[in-house]
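Working notes, beginning with the structure itself.
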Amino acid sequence: MSNRAPNEARVIPLRPPATPAPAQTPASAPARVPQRARPVLAPRQSPPAPAHREPLWRDLVGDVLRRERLAQERTLKDVADAARISMPYLSELERGRKEASSEVLAAAARALGLGLGDLLSLAQDELTRLAQVGPGRSRAGTPSRYDGMCLAA
């Protein structure tokens, strides 16, 4: 049993208490050596930003969906109802905020009177156009030798 008061908390230190250094005169004081030397790290450097950011696939597909919907003078609600997807989700697709599944893209394309291949072909055409306008060239400075599109599932 302890002879402490019942309401007094017992404190257990996590680190041992620091021992005070003995008083020394400056002439006799040895050079202080740190206990643990921390390595000096160079500041982090972020990789250089590319001069031209390539467009994301979801941005291209969204642009095509919006362009086709506006060309047909249809509302988001009309196309979303026909595609059986929510209006906010279709809006996010058009703005490139969501990465849609192939089923959703096919439904949105059908609602606009397009096939999935048509939608993807239009997006590829847009990508090709942007690559020719911007500095989308290989590191050697020559135009890209690839003229096709590759989709991975």
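Quantities reported herein were computed from a predicted structural model and do not represent experimental measurements.
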Write down the atom of [X], the atom of [Y], and the distance for their closest heavy-atom approach.
X	Y	result
L130	P55	CD1-CG, 3.8 Å
Q72	L112	NE2-O, 2.7 Å
L76	R69	N-NH1, 3.6 Å
A123	W57	CB-CH2, 3.6 Å
R74	A82	NH2-CB, 4.0 Å

Any salt bridge between R67 and D63, counting N to O under 4.0 Å?
no

To the closest 0.5 Å, what do you measure between [atom1] ([X]) and [atom2] ([Y])?
X	Y	atom1	atom2	result
L90	K98	CG	NZ	13.0 Å
L56	D59	CG	CG	5.0 Å
L116	R110	CG	CZ	8.5 Å
E126	S121	CD	OG	12.0 Å

Is the number of heavy atoms from other residues, nucleotides or ligands within 6.0 Å of CZ (R84) greater than 12?
no

Looking at D118 and G115, would you say the former's side chain and the latter's main chain have a donor-acceptor pair under 3.5 Å?
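Looks like yes, one N/O pair under 3.5 Å.
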
Side-chain touch [X]/[Y], heavy atoms, less than 4.5 angstrom:
X	Y	result
Q124	L120	no
R95	R66	yes
V61	L93	no
L60	L122	no

